[in-house]
Amino acid sequence: MSGDHALEWLRREGRIVIVGASLAGLRAAETLRKEGFAGSLTLIGDEPHEPYDRPPLSKQVLLGHASADHTELPRRRGLDAQWRLGVAATGLDMAARRVRLADGDEVEYDRLLITTGVRARPWPHPAEAELDGVFVLRTRDDAARLHRRLAASPRRVLVIGAGFTGSEIASACRERGLPVTVAERGAAPLVGALGGVIGQVAAELQRAHGVDLRCGIMVTGLEGDSAGRLRRAHLSDGTTLDTDVAVVSLGATRNTEWLAGSGVGAGPRGIACDAGCRAFDIRGIVTDDIFVAGDVARSPHAIFGYQFLSLEHWGNAVAQAETAAHNMISSSSERRPHLWVPAFWSSQFGVNIKSVGVPSLGEEVIVAQGSLADHRFTGVYGYQGRVIAAVSFDQTKWLEFYQRQIETAAPFPPEYSSVDRRPEGLRPVPADFPDPSLPTHGPSVTVSGYSPTDQRITFTPARA
Amino acid sequence: MRLVVDLNRCQGYAQCAFLAPDVFAMHGEESLLYNPHADEAQREQVRRAATACPVQAILVEYPQEAPAAVEEGLSGVR
Ligand SMILES: Cc1cc2nc3c(=O)[nH]c(=O)nc-3n(C[C@H](O)[C@H](O)[C@H](O)COP(=O)(O)OP(=O)(O)OC[C@H]3O[C@@H](n4cnc5c(N)ncnc54)[C@H](O)[C@@H]3O)c2cc1C
Ligand code: SF4
């Protein structure tokens, strides 16, 4: 069979299996059908629910504006798919092209897409994690449980870890009038994602809204009463805190264990794939029948020196799923790279936080519009003399502009006259990331053309 | 009916909150909060909001509408 015929056959009557039935899995399935895939389509998901949206879980749902049981994602089209929900994939046989399921079944594929995402990192002490009152927030069941507990007016809520999810939970609790303590190991909330300069603004916001924010502090233990209910937390400064709810928000772990021993290049940092979403095997050779998308993927990005990025971003899951699906049923000359510029939003303490690019690569940050003191500003991050990211607090309108700056590797600090120079914005200052993972020096790359079918890569020589 | 807003794309213009205030609401200056499971009674308001959004950030699945009846093939068919 020639390549063309094989592809034609695949599109007409091949078997595509998607493991992980959430945002990325659903959007990929829709794209496959939209692009004319007429073969059999199977979605396997370990959660018993059809695909639902997670961002509302830490916002609308905790505030009581929406029900945790009703955030199912709208569909763009009929899928004519077999759904295997409530059953996990437990193994993969690459040679036989078979996925093993927890119920003993096996499903064969011609093309496989892996979208198994991440799960909440649990509290490290299992016995303490079991205490009644200790929560994580990743799934709709987690959200339903936590919402129920918040509605019962606990005396105090302890949020462990002030990343985006932890900060949003603290915000929702304050809005519900609940006393909240936030314990963060770093110097400020959001410091890992946005750096210390912007983190200070996040800290001010929390305190202004009545959060008892404790930075540079670790929770060392959770203590229960005789009935197994949480009643106290022990902190690294030797103090204790009486609390009946603790929400563990210590980030996420990639769901790759089921691939152990399969030969796919999967590990705790995710599944490495090429820019076309094809998974690498453990030898570093790219596969041609296994694709990856969403939170579980780790893929090289041209704008960021071809470093592998793993992004736990809603928009990345959608864009990467669409690209993976397209590539799964296209010939190599028609494939597209996943060149999506990272972007996310968060809503907390009444402020809309948005970002484009990769702030954590930034060495320096400059307040280009607005002012930190007003909690309304746009911060622009620079890396090796180019704009690498921007973050806005209630200044969405600027981000599109900076997205273009990132895509074209515009010089940093920005020099254009539109920069609204308030006193504090005069000079770039160190972005102050706790643990900068500096990218290697290399050629810088710019991207042009904004239609997904029309993205070209142009090399520009490395700056000396 | 089910809906989702692409909040990366949303510019906080608030047209949706004006046209379907029971489903979309601004929270602070620029944050949009919405009910992802809007009541059937809101169908027309939601449709107007989705149409009016200047950046087309609102995706709605209207139950019991054939794909052909809706642009871009939004449908309740599984
Ligand atoms: C509370 C919360 C708030 C968020 N807020 C924002 C936000 O404001 N902005 C933003 O940009 N992003 C936000 N996100 C992140 C966003 O939701 C994720 O990026 C997105 O869900 C990723 O989609 P995904 O399909 O790749 O992975 P997931 O949504 O993690 O889905 C993976 C699915 O695969 C399943 N699975 C795992 N292993 C197996 C297996 N072996 N077999 C079968 N199924 C399996 C999982 O159970 C899950 O259902 C938030 C996330 C959470 C949890
Ligand atoms: S109309 Fe569109 S851009 Fe405006 S707030 Fe609503 S979703 Fe956002």
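In what follows, chains are A, B, ... by sequence order, proteins preceding strands, each numbered from 1. All values below come from the heavy atoms of this structure, side chains included, with hydrogens, waters and symmetry mates left out.
- Using non-hydrogen atoms only and a strict 4.5 Å limit, the part of residues 13-28 of chain B facing chain A consists of B/H27, B/G28.
- Taking 4.0 Å as the cut-off between side-chain N and carboxylate O, A/R76 and A/E30 count as a salt-bridged pair.
- The pair A/E204-A/R207 does not count as a salt bridge, with every side-chain nitrogen at least 4.0 angstrom from each carboxylate oxygen.
- Comment: B/R2 does not engage A/D53 in a salt bridge, judged by the lack of any side-chain N to carboxylate O separation of less than 4.0 angstrom.
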Pair A/L63, B/L33 - check side-chain contact (heavy atoms from CB on, under 4.5 Å), show working. CA-CA 10 Å; A/L63 288 170; B/L33 288 188; 3.6 Å; yes

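- If you measure heavy-atom distances from A/E400 to chain B, the contacts under 4.5 Å come from the side chain alone.
- Comparing B/P36, B/G12, B/C10 by heavy-atom pairs within less than 4.5 Å of chain A, the highest count is held by B/P36.
- Of all the listed residues (B/D6, B/N35, B/N8), the one sharing the greatest number of non-hydrogen pairs under 4.5 Å with chain A is B/N8.
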Evaluation steps, salt bridge (Lys or Arg N to Asp or Glu O under 4.0 Å), between A/R376 and B/E29: CA-CA 10 Å; A/R376 189 185 172 93; B/E29 299 276 311; 3.3 Å; yes

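- Remark: A/R174 fails to qualify as a cation-pi partner of A/F349 under the 6.0 Å distance and 45° angle criteria applied to the six-membered ring.
- A/R75 has a carboxylate O that lies under 4.0 Å from a charged side-chain N of A/E50, or vice versa, which qualifies the two as a salt bridge.
- Each of A/E72, A/R140, A/E47 was checked for a side-chain hydrogen bond (donor to acceptor under 3.5 Å, both in side chains) with A/Y52, and the lone residue meeting it is A/E47.
- Interface summary for chain B: among A/T396, A/L399, A/T71, the most heavy-atom pairs under 4.5 angstrom belong to A/T396.
- Looking at B/L3, only its backbone comes within 4.5 Å of chain A, counting heavy atoms on both sides.
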